[in-house]
*Asks:* 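This is the structure I have questions about; it appears just below.
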Amino acid sequence: MLSVRLLVSALTMSSLVLGLLGLLEDPSAACQNLTAYLGISQTAVSQLDLRYISSRNSYWNTKLNAYAPACVVYPENAQDVSFILKTIKASGSRFAIKAAGHNTNDLFSSVDNGVLIDLTHMTGKSYDASTTLATYEPGSSWGDLYEYYLTYGRTVVGGRIHDVGTGLALGGGMSYLSPQYGMACDGFRELEVVLPNGDIVTASSTQNPDLFFGLRGGGGNAFGVVTKYTVQSRPIGTLYAGNLLYVFDQHERILNATRDFILYNADPKAAVLMNYNVLTDA
Ligand SMILES: Cc1cc2nc3c(=O)[nH]c(=O)nc-3n(C[C@H](O)[C@H](O)[C@H](O)COP(=O)(O)OP(=O)(O)OC[C@H]3O[C@@H](n4cnc5c(N)ncnc54)[C@H](O)[C@@H]3O)c2cc1C
């Protein structure tokens, strides 16, 4: 194992030199080195590999399925992410970071002919009852996190639809709990971050506070890869919720009702989410 890693390091160093000289932009060098280091259980290079198919086709905006990564890598910890970023940098390859793939924009979490870093193997989570802090890795959906923390009678501030991913919090994050507790990123207490140069650092109000500030709403894919979130959890009580559905030409009344809620609601525990859906002819 050691000799494999030494060989990979040597390959990486030679790629680094070529990359620095601008001679390598082909993602195949990065994909080869990543496969050698991480092993086939954490890499998918074939477009026929079921994991590749799943990673490529699980975007909420299905238009993004058209982008074909050269390979998909599945890090399991910050050290893997560090190696991946160093390898990508050395090869000059394009890349993208993907959590749950709900960002609708081209090339935000999708990549054509580059390395796709799929975070869905990083699903560790824990709860510390002495501090009431919750810690989770970036690969879970909000629904998974809510179910997990529910067993402790707690929750975290996150997305309003269960299959949205943790990238939401890096962009701020509006939650049903936001009127009471603020945005998802307001709950951040400490983040483990892998910087573009591969360094693994902590960002908090006392360590790297500028980085911490930027990560609280500055958007995903901006300053590095967040590999662990430690956030303030919140108590969960009885929830009263439901859907009101209106059809056809009620949009004026719905708009007015939503406006009135925003203007006059004084209950910080109350929230509303308005949706317009167009039903196409079947
Ligand atoms: C159906 C639906 C419901 C939504 N509901 C809400 C809502 O209730 N509240 C709200 O505020 N927003 C909501 N959104 C918007 C949502 O917050 C954004 O689309 C968000 O980018 C999705 O995060 P993701 O992890 O699912 O997506 P991804 O596309 O995987 O990631 C989003 C961005 O963050 C980057 N990123 C992800 N993880 C990391 C990481 N660990 N480190 C560094 N960069 C990372 C990615 O590269 C990408 O640029 C919703 C979107 C959809 C499609």
Side-chain angles (χ1 to χ4, degrees), residues 54-65 67 69 72-78 80-82 84-85 88 94-111 114-125 135-146 155-179 181-188 190-196 200-201 203 211-212 214-231 241 271-277:
S54 167
S55 295
R56 179 179 171 180
N57 293 289
S58 53
Y59 292 98
W60 190 79
N61 175 4
T62 52
K63 180 178 163 251
L64 306 181
N65 301 349
Y67 294 116
V72 186
V73 289
Y74 303 91
E76 293 182 350
N77 50 48
D80 287 350
V81 173
S82 171
I84 291 165
L85 291 188
I88 287 170
R94 280 181 269 180
F95 71 102
I97 306 157
K98 181 181 181 212
H102 270 61
N103 192 297
T104 51
N105 297 304
D106 285 274
L107 305 174
F108 271 52
S109 52
S110 51
V111 62
V115 179
L116 179 62
I117 306 173
D118 184 324
L119 298 172
T120 51
H121 282 203
M122 297 183 67
T123 55
K125 36 185 118 45
T135 297
Y136 54 82
E137 293 181 333
S140 294
S141 68
W142 290 109
D144 292 337
L145 292 173
Y146 298 152
T155 194
V156 289
V157 178
R160 291 171 290 197
I161 294 185
H162 82 281
D163 58 355
V164 180
T166 54
L168 166 145
L170 296 174
M174 286 298 291
S175 158
Y176 286 123
L177 302 181
S178 290
Y181 297 120
M183 303 185 87
C185 70
D186 291 322
F188 289 176
E190 188 176 288
L191 303 173
E192 179 185 74
V193 189
V194 185
L195 298 177
I200 302 170
V201 301
L211 178 63
F212 189 56
L215 288 164
R216 290 168 64 199
N221 202 8
F223 304 102
V225 182
V226 178
T227 46
K228 207 175 279 176
Y229 297 82
T230 296
V231 307
V272 66
L273 177 64
M274 203 237 320
N275 260 304
Y276 271 112
N277 290 298

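Note that ligands are numbered from 1 as they come in the structure, with each ligand's atoms numbered from 1 the same way. As the structure is a prediction and not an experimental result, all values here were calculated from the model. Sequence positions, counted from 1, serve as the residue numbers for this chain. Only this structure's heavy atoms are used, side chains among them; waters, hydrogens and symmetry mates stay out.
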*Asks:* So which atom in Asn65 and which in Ser58 form the shortest heavy-atom distance, rounded to 0.1 Å?
*Replies:*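 Of all heavy-atom pairs spanning Asn65 and Ser58, the closest is OD1-N, 4.3 Å.
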
*Asks:* Backbone or side chain, does any N or O of Gly167 fall under 3.5 Å from an N or O of ligand 1?
*Replies:*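 Yes; at least one N/O pair falls below 3.5 Å.
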
*Asks:* Heavy-atom distance under 4.5 Å between the side chains of Met183 and Met174, does that happen here?
*Replies:*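 Yes, at least one pair of side-chain atoms sits under 4.5 Å.
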
*Asks:* Which bit of Thr227 is near ligand 1, meaning a heavy atom under 4.0 Å away: side chain, backbone, both or neither?
*Replies:*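 Contact part for Thr227 vs ligand 1: neither.
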
*Asks:* Heavy-atom distances under 4.0 Å decide this one: backbone, side chain, both or neither, for Tyr229 against ligand 1?
*Replies:*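 Tyr229 to ligand 1: side-chain contact only, backbone stays beyond 4.0 Å.
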
*Asks:* Would you call Pro69 and Val115 a side-chain contact if the rule is heavy atoms closer than 4.5 Å?
*Replies:*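 No, side chains not in contact.
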
*Asks:* Ligand 1 versus Pro138, non-hydrogen atoms closer than 4.0 Å: side chain, backbone, both, neither?
*Replies:*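 Side chain only; the backbone of Pro138 stays clear of ligand 1.
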
*Asks:* Kindly indicate, with the supporting measurements, whether the criterion side chain to side chain contact (heavy atoms under 4.5 Å, CB included) is fulfilled by Leu116 and Lys98.
*Replies:* CA-CA 7 Å; Leu116 179 62; Lys98 181 181 181 212; 3.9 Å; yes

*Asks:* Between Trp142 and His162 (side chain of the first, backbone of the second, donor and acceptor by atom type, cut-off under 3.5 Å), is there such a pair?
*Replies:*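 Checked: no pair found.
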
*Asks:* Less than 4.5 Å apart, side chain to side chain, heavy atoms only: is that true for Val164 and Trp60?
*Replies:*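 No, their side chains stay 4.5 Å or more apart.
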
*Asks:* Can you confirm, on distance only, whether ligand 1 has an N/O atom lying under 3.5 Å from any N/O atom belonging to Thr104?
*Replies:*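 No, there is no polar N/O contact under 3.5 Å.
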
*Asks:* Have a look at ligand 1 and work out which part of Phe108, if any, has a heavy atom under 4.0 Å from it: side chain, backbone, both or neither.
*Replies:*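 Both backbone and side chain.
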
*Asks:* Could you work out, for atom 16 (C) of ligand 1, the closest of Val164, Leu107, Leu191 by heavy-atom distance?
*Replies:*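 Of the listed residues, Val164 has the closest heavy atom.
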
*Asks:* Consider every N or O of Ser109 and every N or O of ligand 1, then say whether any pair is closer than 3.5 Å.
*Replies:*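 Ser109 vs ligand 1: N/O contact under 3.5 Å present.
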
*Asks:* Scan Val194, Val225, Ile117 and name whichever one has a side-chain contact (heavy atoms from CB on, under 4.5 Å) with Ile84.
*Replies:*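 Of all the options given, the one that passes is Ile117.
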
*Asks:* Under 3.5 Å between any N/O of Lys98 and any N/O of ligand 1: does that happen in this structure?
*Replies:*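 The answer is no, given that Lys98 and ligand 1 share no N or O pair closer than 3.5 Å.
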
*Asks:* Kindly determine whether Thr123 and Ser140 satisfy side-chain hydrogen bond (donor to acceptor under 3.5 Å, both in side chains), including the steps that lead there.
*Replies:* CA-CA 5 Å; Thr123 55; Ser140 294; 5.1 Å; no

*Asks:* Pairs of nitrogen or oxygen atoms closer than 3.5 Å, one from Ile161 and one from ligand 1: do any exist?
*Replies:*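 By distance alone, the answer is no.
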
*Asks:* Would one find an N or O of Met174, backbone or side chain, under 3.5 Å from an N or O of ligand 1?
*Replies:*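 Yes, at least one N or O pair falls under 3.5 Å.
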
*Asks:* Answer side chain, backbone, both or neither: which part of Thr166 comes under 4.0 Å from ligand 1, heavy atoms only.
*Replies:*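 Under 4.0 Å from ligand 1, Thr166 contributes backbone atoms alone.
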
*Asks:* Can you check whether Ala100 has an N/O within less than 3.5 Å of an N/O in ligand 1?
*Replies:*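 By distance alone, the answer is yes.
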
*Asks:* Is a side-chain N or O of Ser141 found less than 3.5 angstrom from the main chain of Asp163, in a donor-acceptor match?
*Replies:*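 No, because the side chain of Ser141 does not come within donor-acceptor range (under 3.5 Å) of the backbone of Asp163.
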
*Asks:* Taking both backbone and side-chain atoms of Leu168, is any N or O found less than 3.5 Å from an N or O belonging to ligand 1?
*Replies:*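 So ligand 1 has an N or O lying under 3.5 Å from an N or O of Leu168.
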
*Asks:* Which one of Asn221, Ile97, Asp118 has a non-hydrogen atom at the shortest distance from atom 46 (C) of ligand 1?
*Replies:*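 The option holding the nearest heavy atom is Ile97.
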
*Asks:* If we ignore hydrogens and angles and just use 3.5 Å, is the side chain of Arg56 paired with the main-chain N or O of Tyr67 as donor and acceptor?
*Replies:*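 Flag set: sc Arg56 to bb Tyr67 pair under 3.5 Å.
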
